Amino acid sequence: MNNVKRHYLKLLRQEYKMALLGVLLAVITAYSGIALLAVSGWFISAAALAGLSAVAAHSFNFFAPGAIVRGLSMSRTAGRYGERLSSHEATFRIISNLRADLFRLISRLNWNEQQLNRHETSSRLLQDIQNIEAIYLSAILPAAVSFLVMVAYLVTLYLVLPALIPWVIIPLIFATFIMPWLYSHRVLQSESTLHKRHSEQWLSASALLSNMRTLTLFERLKHSGEYLQKQAQESDNYESMAVQRQQHILLLTQAILIIMTVLIFWQGLLAFQQGQLEGAYAFMLLLLTLGSAEVLLNNCPALANLGLGLAALGRLQDNLTNNTETLDKRTFTQTDSSTIGLHINQLNYRYPQQKTDIFKQFNLRYDGPNWIWLNGSSGVGKSTLLSLIYGQLAPSAGSIEFTGLNADEIRFMPQRIDILRATLRDNLTLNITSSEQAIRHALNIVELGEWAKRLPNGLDTWLGEGEWQPSGGERKRIGLARLILQNPQFILLDEPTAGMDSTLAAQIYSQLRAHWADKIVLCSSHEHDFITAKDQRLELTAV
Amino acid sequence: MGKESKKTQFKDAADLLRQFSLHGKRENRLSILLGLLQIAMTILFAFVVADILDNALFQPEKTLPTAQVWLILTLSLLTKAVATYMQNNIANQASIKIRSQLRQFALNHCFTLNIRLFPRFKTAELSNLLSTEINSLRLYFADYSAQKYLAVLMPIAVIIAAATVNWLVPIILALTAPLVPLFMILVGKKAGQASHDNLQQLNRLGNLMSDRLKNLQALQLAGTTEQEADKLFQKSESFRETTMKVLRLAFLSNTILEFFSAISVALVAVYLGLFFLDKYQLGSWSDDLSLSQGVFLLMLAPEFYLPLRRLGTLYHAKADATSVAEHLLTLNKLASQVSSNELNLEQQPLPKIDSLQLDTVQAGAKERPLHTPISITLEMKDRVLLNGPSGSGKTTLLDTLAGLYPLHQGKIKLNEVEHNIYQHPDWQQQIGYMTQTPELLFASIRENLCLGRDFSDETLFQALKDAQIEELISSLPGGLDYIISDQGGYLSGGQAQRIALARVFLHKPRLLLLDEPTANLDEATAQAFMLQLAVYVEQGGILIMTSHRPTDQHFFNKVITMQALGESHE
């Protein structure tokens, strides 16, 4: 599943029956709508011409056209209903698979703490997914319909009077291909700028809201509000200009189709005068052209939507190829003895954009179960070292080697604990099958047992955005409980008790120590109060 | 503009949208006029076509139209296209105006509520409202509000035009028309509710996806993203099944419109055909009907339902707009509850702080005080420790002393005189407040320090030095112009906090409020930092701070001990 575009096509192929049914019914609906008017036009003018002589009026078979007209209005109605249902069914089927698959793809991205803004990134990804979801319903379907309507129009012209075809061929090429291409080009041109502006706007709003205290105290709130307004208005104006530029193309397309309509009408009347065409067909041709032109106009937005969808697919593809290249250069060796260990040799690391190395020729060696404290002043690289050991960052030089372990047995608790919008139970297990007892046990270790019982629905209380919000300390403890349930052999903890009072922290540490007695635990902290004689200490100092 | 924000009572979401669409009244009228121009051109076009056909086929001379007639024919269609184009542009202008008003409305409410927005609202949720959601109303205000009127006016124009030549055709059209709302109500009421629920469910599914993307790291760290993807798939699938049930009903109302639209054309065609074949002579003002009249009527028939069908396609825009309006209403409700309590804000000038008395002060919301009353007198050079177990309201008390919340109860006296400090600009100029999580703007370090005021680089570096962070800033690429990303970027938690502290020092407040300033610092830095605080207090200031660090405790000369009241869940 490395090529996103190919994958989308595969999904479309899987649902081809429903998707084709949707197109078929949409085409039937469009044809019926156009034909309904055209046949009606033919019928009334033929009837009127027949009505001129009493004999002709008497012998005129009005049942057939009457039945056709009624039939067409029925097929138009039924077609519309069927088309809506089958196209939505197809869309939803594609969406279900697409969401899950894109989620799988995105979850391979390396989202570490350095990521600029997760809200912003995720909302951009969501926008892209929506664009991709719309490919069938608002791009492929209408484009297919307008293409087939154009074909049907040409076939009808051929049947009625082939000499008319040269008159329409150029306007049709413009209306079906060139203008939609131009339109979609313009939409795509403004789309990337608009995209950027909208995310800037989001960031300003988010900055204003998350800095409310500071901005209020320094009397900068009104100013920030004005800035946000200005930014939004500029982006609105840009958007409206972009829309206007798109409208120019639509107007031009309409003008081309209008000229084509008038030409056909004129040629039809000429042909009638020259005896090549029955009179009633002249009106029919006009109505046919008007109806087809209306459908053809949809091709512009359809192609633009296709462009947006493809651009979104492309962006995802780029994201994947840029961010999934493996940062993990750690090695895992299995030994005969059952001891587990970590060996770091001559490690160098420097953050991109920074001038100096944060680690230089750094060595570390631990074998066998151990509780290791990682101390050091703030900014010295405690978190960076943990990220390097966990494989989220790749060292510039040197090696990180594990013995008796594989990557799945190493687990990491970052400083910031994400809480999913889900029940406490799901937040703890994170899809790992765990018994009720195991969950209770884990909660007791981190001193959340009583807390969980007091929650309105116990383990089934919903947490996360808009639901019950755990406090900073509770979050940390949820993070620890998760790790306990995951049962790793090698545990990396980044400031697991920051913000908790020391009695609670001491209690949790002693319980964790007992629980993880046969594991290696590497725990960063700026406090020295919890260190026991059995523990090892690693004091990091600046390079 | 300012007056508008005063009357902020809305019956429901639709009412809010309606009231705000009044801001684009002028554009809306123009847009309606242009819509009417379109229908006039349609009628003209039908008339000219009818005339051409009549002359070319029906009249004995069988004349082809002159160049002038062709020109009128072309121009009528072109004018209609240009009118559509102009209508779109004008509607866009209106939409910009209205959205700007909506944004201001939402912003004003955010300002009124200030930090009381949280935790009722989430930052991300409100950021979405202020940017994405209000932006998404473009189509609604651009197309829907004018189309609503045109869906009534355009069919009336068609009926009037048709009535000039025939009375039966308008009756056919007018008779099918009332059936549309009738059927739509029959089907639509149930379908409307169902599709509203459905849309909410769809939103919930979208929210789920966005929540899982935002918190992806938790799942990545647990190594269970595959399982989560399977869950997402199952949820989408079960959603598809329920949705299709709803859609089967919801699309019926669309279909009914399609049906009447088709059947009215069919009826008119059959009626006209049979009339021409002399089966009857009903409906015409005269005994006869010319081909031109027939053509004219047939061409008008499909135009009758067109505006209604166009309105139908904007249904999604309306549903989306309603859900945004509902969010705005929640904000409005909260704001009006709060502002009704605080209408008479005393804003007399405040004196410079020399001493500060808290007299039985309780912080907390109006209904729920958080702690037992506090009384204490603070003089210049006082160093006060705010002590108490977690959940006893320390942060809320600091917020209240910073003037961000109104007092629950008690008096705050400045130099022995009672004053209302809540949201008072004079107060905010005198105090400095650093919260537990440092609030840094997505901007350069310089902008973060200055916050719009002017300081020389020397002053800035002195403040950074006082906050023990000068060295790091000098080593950053760009120095003071290094851009901080909103999560702190490459700065560690302690470093971000010290930048926030430098900012507090820079603005030289008389009262300094600090919430756990040393929690993220190592021992040595914390020591140096406390020394700096001592210097600051000696220069003339009052310090109130919270700290869990035992080594800090002997630094203070006064202690406020807080006791939680009753049950609180923290």
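Residue numbers begin at 1 in each chain, while the letters A, B, ... track the order of the sequences. All of these numbers come straight from a predicted model, not from anything done at the bench.
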Under 4.5 Å, counting heavy-atom pairs only, tell me which of [options] racks up the most with chain B.
{"options": "A/P65, A/A100, A/G51", "result": "A/A100"}
{"options": "A/L228, A/T214, A/T29", "result": "A/T214"}
{"options": "A/R213, A/Q233, A/Q247", "result": "A/R213"}
{"options": "A/H58, A/R84, A/H248, A/R76", "result": "A/R76"}
{"options": "A/A205, A/A207, A/G66", "result": "A/A205"}
{"options": "A/R70, A/E495, A/K222", "result": "A/K222"}

So that I can tick it off, tell me whether A/D418 and A/R416 are bridged by a salt bridge, with the cut-off set at under 4.0 angstrom between side-chain N and carboxylate O. yes
Please classify the contact between B/Q93 and chain A as side chain, backbone, both or neither, with a heavy-atom cut-off of under 4.5 Å. side chain
So among A/V262, A/L37, A/T261, A/L269, which one has a side chain to side chain contact (heavy atoms under 4.5 Å, CB included) with A/L286? A/T261
Chain B contact via [X] - which portion, at a heavy-atom distance below 4.5 Å:
{"X": "A/Q486", "answer": "side chain"}
{"X": "A/E239", "answer": "side chain"}
{"X": "A/L208", "answer": "side chain"}
{"X": "A/L49", "answer": "both"}
{"X": "A/Q244", "answer": "both"}
{"X": "A/L287", "answer": "side chain"}

In terms of ring plane angle, is the pair A/H88 and A/F92 parallel, tilted or perpendicular, where the classes change at 30° and 60°? tilted
Taking the side chain as every heavy atom from C-beta outward, state whether B/N114 and A/L221 have any pair of such atoms under 4.5 Å apart. yes
